[in-house]
A.B. asks: 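The structure's right below; bear with me while I get my questions together.
Every value quoted in this text rests on a predicted model; they were computed, and no experiment measured them. Order of the sequence lines fixes the chain letters, A, B, ..., with proteins taken first and strands second; residue numbering starts at 1 for each chain.
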Amino acid sequence: MTEINKEGSSQVSLNGGDSDGAYNFRKIEEKWQQKWKDSGIYKVANSSYKPKCYVLDMFPYPSGAGLHVGHPLGYIASDIYARYKRLKGFNVLHPMGYDSFGLPAEQYALETGQHPAVTTEKNIETFRSQLDNIGFSFDWSREVRTSDPKYYKWTQWIFLQIFNSYFCNTEKKALPISKLIDKYATRGSKYFTAEQWNGYSEKQQQDILMERRLAFIAYGEVNWCEALGTVLANDEVINGVSERGGHPVVKKKMRQWYLRITSYAERLLQGLETVEFSDAMKEMQRNWIGKSEGAEITFNIQRSTFSLQVYTTRPDTIFGVDFMVLAPEHDLVNQITTPEQKEEIAKYLEYTKGRSERERLAEVKSITGAFTGAYAINPFDSREIPIWISEYVLAGYGTGAIMAVPCGDQRDFNFAKHFNIPITNIIGDDYNGEEANPTKEAVLINSGFLNGMLMKDAIPVVLLKIEETGIGKRKVNYKMRDAGFSRQRYWGEPFPIIYKDGVAYAVDEKHLPVELPHVEIYKSGPEGKGPLANIHEWVDLGSGAERETNTMPGYAGSSWYFLRYMDPHNDAAFADKKVTDYWNQVDVYIGGTEHAVGHLLYSRLWTKILFDLDLISFDEPFKKLLNQGMIQGSSRLVFRFIPIPVEPGGYELIHKIKYPFPFIFVSINYYNKLIDEMGVDPREVLNIYLKNFSSFTISEEELEYYSFEVYPLRVDVNLVDGVELNINEFRKWRNGEYANATFILEDGKVLSFGEDLGEVKSKYICGVETEKMSKSKYNTINPNEIINKYGADTFRMYEMFLGPVEQSKPWDTKGIEGIHRFLKKLWRLFYDDIKGKIWNGEKASDAELKVLHKTIKKIEEDTERFSYNTAVSAFMICVNELTDLKCHKKEILEPLLILIAPYTPHIAEELWHHLKGSPENRDSEEVSILDASFPKLEPKYLVEAEKEYPVSINAKMRTTIKISLDASAEEVEKIVLQNEVVQKWMDGKPLKKLIYVKNKMINVLV
RNA sequence: GCCCAUGUGGUGAAAUUGGUAGACACGUCAGACUUAGGAUCUGAUGCCGCAAGGUGUGGGGGUUCGAGUCCCUCCAUGGGCACCA
């Protein structure tokens, strides 16, 4: 690693330390970051004669672990784009903030007693200082924090708009609930007349309205853990027990808030057509919404007035229905079960209840079910169909009942086989009796009026018949459920809701925000309520009025933050409509795929609702979405010999093994070589090395008790150079836990306690594993470390050079030297180590202009399509070529600096001012490079007169020939056929055909 | 099981429209300058081969004058969803 002096410039790159000629990145970066801050150059106005561009990052949750090198990948990408657009003459909004409500802070408070507000503030400070180091162009005057009362006042306000709206099924949009009330009062509804409505009590009316509100109350199941006294998120529950502590978790019904996102299913689906998201992202959202088209069919039940509705996507298989299956929770179960089957059904219900209480033990899924004794009648051929119940049918999807077609559906088939239900074959030879065949291509048999039809052709025929005869109707179904919108937690937005006589009422707008009260204790309230329920004086408002004690979930604040950035200090509205009209949609949104269905769907929903209520003028928030890949950590492993008892079950042998067993680490390749190539027993290997210990010897006899394993141990990546362990640092690690360790090196040499690597040429080589970057895996890299060594510009450019932004990749610092070298090389176009200033005002040659304009073209194209890794390579090519041309001309260098400024703003700004000011006065207040204009491409410099064509003979590349681009096809043919190499490979055979694609290639066929 | 994405040198990768595969870097090797080099510069570097040449983008097949790119099929890796009717 390069030694760096205190000023942060590379020690050797300069002549006499801090002379004029040095690329002193630390000094430059500090200077410009301060100047940019002082001048407020990143402040952006809400109006301009320039076109607008809104470039947004997904704001971070300020975790205690701070920023690691994975975070900035997306931020750098967006920063480059924002700076580029600014140079291109746009008024660019590029804000940043914090998603500062959330579970980890509350968890931390539970453990340490520190208030989330305090730890959050502290974490934000750390994040901010780390972000500042990288030199982003954020307009910090627009910072938002979701946990700030000034912010969540408007989260609550928007919630109330949602609460006070309903989805009009005719207009397919949200309307104020007052319109619905008017309608009920004047015209009534399907279910009641206006007179009836007006006669209802307040509570009756409110209950009816709750059925239509877009934010509504219902009773939903949560994961309740009695031992922890709290509600757990799904991912905190593993195999029916809590992740922490392993306590049992049961389902518990609780009053919950929901957002009626299902009403928007179709619009959320349609909206995907209008935005630029990746196909993968759109597909994920489509899967989540889960639209399917089919039919809802009514089956009458024999000897009963009840009927059964099923939903199917395959009405063509109606003649193959051999049984029906209801979800155990289905309403009809009790009503249709025959007396003889009552006991069996009751037993099965008992069983499923027990199952649902424990989070189902997923993997082994046995076939279970019970017969109700009742029969349904097939509406087409009047066959009697037994009705079963089984847990594989879910109450929440479709109608909670299915028609089972065993020859076409594997689950139905398994069920039929298991319970010996006869199977009807409706697809002839396409069914083999061994397994179901879900084809749509088979010809139907045993299917009444559908006989002889191809299944896929039969679908519209049977649908028509179903509708004609009134036994059912076409139906579009969505998998998506309404979104749970309340949490039994403390660190979130309180609901602006007050209950009177059990009816939920909105808090008056003028009392917003409902501030989160301070608490000292973060434990859950009684009966699984949130911690807020403990604060009686806050909850109880007297005369039967009580506050809602739930808080909003993490995604509440993040569902609309992009709007607040536009007008962050507005006290009168969440954002002024004139301002949201100006900034409009986010032009580019950059963030990780992990938010594919959560955050992105919810913010799309909120945007659509606000649009419907005429509060904003666009109904999709993000015009273009760019998913950055994950930066994985690269963990380093050392391998420790550990003793294990020789015989299985010989537990007492463990006591005969000497403890503490010394730390012996073996270099991985050497170990593998011993085992693989030489077939050595690891015990023998250890036996050899143990003899080197003076402090720890084992007799031959004792050794009998030992067997050995090599056990991997993660070591802090910062103690490893590439894969070579820094043994001295490692010995100091963790307060010297491994100070006495012995190392068996790559060549088999032993390095014992206290010995220095010194003259020994060998190394200790670590194993490598790529996994998630995480503190507990000792593989996090703090950007500050890289920036201290190489500077922010190098760091920024290196992250972009790693590969395509969208691609996940492991972090690796090898290669960063190349970027640093490049920046020094760029600097040397302006300053020579010995001669000092070498840039000049001479007139540029055509060759130099060609290099410049080639680069302009490439950078412009690549930046527009976010292909930053290739853009970086274009810069390298440009600097290499200018170096070869010995070009130090301002006419070339000045535009080049503008091109590179979005990528490496500090060095660009510094050199820009050198060019602009006189050498004696280089800090003069010239206009910043941030406000320069992007150089204009002059295609005339790129015009080529001739092209070196690749020439193939029989499709095999043999040579290249330079030919003028003006040459006619005949001339080309003549030139090619006269070429010696071509003649050699033609070998006297006659020309069959010559393929000539202008400006591409030539292929000679013989 | 279903859906999506990705497979290219020792490594990160490039090839934007079907047209010279491996740009640009890292690493490695050789050399220059130097008291020194972990600075800088020059050259080499897919694989096999002394060379001529052959071969090569996960495997197999196809379309085409021409395939990393298009089609079929199989395999591997990563991600998402999962008794979804």
Side-chain angles (χ1 to χ4, degrees), chain A residues 1-3 10-14 278-288 290 292 294 310-314 317 324-325 327 360 362 365 367 390-394 396-405 408-412 414-415 438 477-480 593-594 596-597 627 629-630 632 722 770 798 801-804 806-810 812-819 821-822 824-825 828 833 858 861-862 864-865 867 869-878 880 883 948-960 992-997 999-1005:
Chain A
M1 203 94 355
T2 318
E3 279 293 313
S10 307
Q11 196 172 40
V12 262
S13 67
L14 35 134
S278 70
D279 289 344
M281 183 63 50
K282 288 186 179 182
E283 198 58 30
M284 268 189 239
Q285 295 212 358
R286 284 193 199 105
N287 283 343
W288 185 263
S292 67
V310 300
Y311 173 73
T312 179
T313 54
R314 293 296 301 274
T317 63
M324 314 288 278
V325 188
R360 55 179 167 238
K365 281 164 186 166
I367 299 161
S390 176
E391 60 182 346
Y392 83 82
V393 175
L394 304 178
Y397 185 76
T399 61
I402 62 159
M403 52 179 232
V405 183
D409 181 288
Q410 195 57 39
R411 282 189 328 267
D412 297 347
N414 295 344
F415 193 89
N477 207 33
Y478 300 93
K479 192 159 80 180
M480 183 166 68
T593 28
E594 63 272 22
V597 284
N627 289 117
M630 201 171 52
Q632 292 146 320
T770 300
Y798 180 59
F801 191 56
L802 277 174
E806 298 95 324
Q807 199 169 298
S808 282
K809 54 230 153 189
D812 208 325
T813 44
K814 80 179 177 202
I816 197 166
E817 299 275 358
I819 299 289
R821 249 173 242 160
F822 160 75
K824 286 193 277 189
K825 200 166 179 181
R828 282 201 302 273
D833 287 355
K858 181 76 176 149
E861 286 169 0
D862 285 357
E864 289 285 356
R865 67 188 178 111
S867 178
N869 55 330
T870 52
V872 172
S873 127
F875 282 125
M876 290 175 169
I877 292 168
C878 175
N880 287 345
T883 304
E948 189 170 2
Y949 282 93
V951 180
S952 302
I953 287 88
N954 283 337
K956 193 110 200 129
M957 225 288 276
R958 295 299 180 186
T959 186
T960 58
K992 255 191 227 157
K993 192 178 179 188
L994 188 135
I995 293 159
Y996 161 64
V997 181
N999 213 7
K1000 291 276 189 210
M1001 44 61 68
I1002 293 160
N1003 190 5
V1004 181
L1005 301 179

A.B. asks: Take A/Met281 and A/Trp288, find for each the nucleotide of RNA chain B with the closest heavy atom, and name the residue whose nucleotide sits nearer the 5' end.
C.D. replies: A/Met281
A.B. asks: May I ask you to say what A/Val393 touches in the nucleic acid, namely base, sugar-phosphate or nothing, with a heavy-atom cut-off under 4.0 Å?
C.D. replies: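 Base: the residue A/Val393, judged by heavy atoms under 4.0 Å, touches a nucleobase.
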A.B. asks: For A/Lys809 and B/rA13, give me the distance from atom NZ to atom C1', rounded to whole Å.
C.D. replies: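 These atoms are roughly 10 Å apart.
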A.B. asks: Would you please name every residue forming a side-chain hydrogen bond (donor to acceptor under 3.5 Å, both in side chains) with A/Tyr478, sequence neighbours left out?
C.D. replies: A/Glu266
A.B. asks: Out of curiosity, A/Tyr397 OH to A/Asn477 CG, how far, rounded to the nearest 0.5 Å?
C.D. replies: 4.5 Å
A.B. asks: A/Ile995: which residues meet the side-chain contact (heavy atoms from CB on, under 4.5 Å) condition with it, sequence neighbours left out?
C.D. replies: A/Lys993, A/Val997, A/Asn1003, A/Leu1005
A.B. asks: Between B/rG22 and B/rC47, how far apart are the two C1' atoms, rounded to whole Å?
C.D. replies: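 Each nucleotide's C1' atom is 13 Å from the other's.
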A.B. asks: side-chain hydrogen bond (donor to acceptor under 3.5 Å, both in side chains) with A/Asp412: which residues, sequence neighbours excluded?
C.D. replies: A/Tyr392
A.B. asks: Can you name the residues that form a side-chain contact (heavy atoms from CB on, under 4.5 Å) with A/Ala401, not counting sequence neighbours?
C.D. replies: A/Leu308, A/Val310, A/Leu326, A/His330, A/Thr399
A.B. asks: In whole angstrom, what separates A/Asn414's CG from B/rA85's P?
C.D. replies: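 So the two atoms are 16 Å apart, to the nearest Å.
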A.B. asks: Using atom P of each nucleotide, how far apart are B/rG59 and B/rA67 to the nearest Å?
C.D. replies: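 One P to the other, the span is 15 Å.
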A.B. asks: Rounded off to whole Å, could you give me the NZ-to-P distance for the A/Lys825 and B/rC24 pair?
C.D. replies: 11 Å
A.B. asks: Using atom CG of A/Asn880 as one end and atom C1' of B/rC41 as the other, report the distance to the nearest whole Å.
C.D. replies: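 The answer, rounded to whole Å, is 12 Å.
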A.B. asks: To the nearest 0.5 Å, what is the distance between CD1 on A/Ile819 and OH on A/Tyr798?
C.D. replies: 8.0 Å
A.B. asks: Please identify each residue that fulfils salt bridge (charged side-chain N to carboxylate O under 4.0 Å, His left out) with A/Glu948, with sequence neighbours left out.
C.D. replies: none
A.B. asks: Residues in ring pair (Phe, Tyr, Trp, His ring centres under 6.0 Å) with A/Phe875, at least two apart?
C.D. replies: A/Tyr903
A.B. asks: Base, sugar-phosphate alone, or nothing: which one does A/Lys993 contact when heavy atoms must sit under 4.0 Å apart?
C.D. replies: nothing
A.B. asks: For RNA chain B, write out the stems as range with range, using runs of 3 or more consecutive Watson-Crick or G-U pairs with both distances under 3.5 Å.
C.D. replies: B:1-7 with B:75-81, B:10-12 with B:24-26, B:27-32 with B:40-45, B:46-48 with B:53-55, B:58-62 with B:70-74
A.B. asks: In B/S/- notation, 5' to 3', how is nucleotides 16-23 of chain B contacted by protein heavy atoms closer than 4.0 Å?
C.D. replies: B--BB--B
A.B. asks: RNA chain B: A/Thr312 or A/Ala955, which has the more 5' nearest nucleotide?
C.D. replies: A/Ala955
A.B. asks: Hey, does A/Asn954 reach any base, or is it just sugar-phosphate, or nothing, if we go heavy atoms under 4.0 Å?
C.D. replies: nothing
A.B. asks: Got a list of protein N/O to nucleotides 54-56 of chain B N/O distances below 3.5 Å?
C.D. replies:
from: B/rG54; atom 1: OP1; to: A/Arg958; atom 2: NH2; distance (Å): 3.4
from: B/rG54; atom 1: OP2; to: A/Arg958; atom 2: NH1; distance (Å): 3.2

A.B. asks: Mind checking the P distance from B/rG62 to B/rC24? Whole angstroms is fine.
C.D. replies: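 Their P atoms lie roughly 36 Å apart.
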A.B. asks: Decide, for B/rG31, between syn and anti: a glycosidic angle within 90° of 0 counts as syn, anything else as anti.
C.D. replies: anti
A.B. asks: Residues in side-chain hydrogen bond (donor to acceptor under 3.5 Å, both in side chains) with A/Ser867, at least two apart?
C.D. replies: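 Result, side-chain hydrogen bond (donor to acceptor under 3.5 Å, both in side chains) vs A/Ser867: A/Thr870.
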A.B. asks: Can you list everything that forms a side-chain hydrogen bond (donor to acceptor under 3.5 Å, both in side chains) with A/Asn954? Sequence neighbours excluded, please.
C.D. replies: none
A.B. asks: By side-chain contact (heavy atoms from CB on, under 4.5 Å), which residues pair with A/Gln807, not counting sequence neighbours?
C.D. replies: A/Pro804
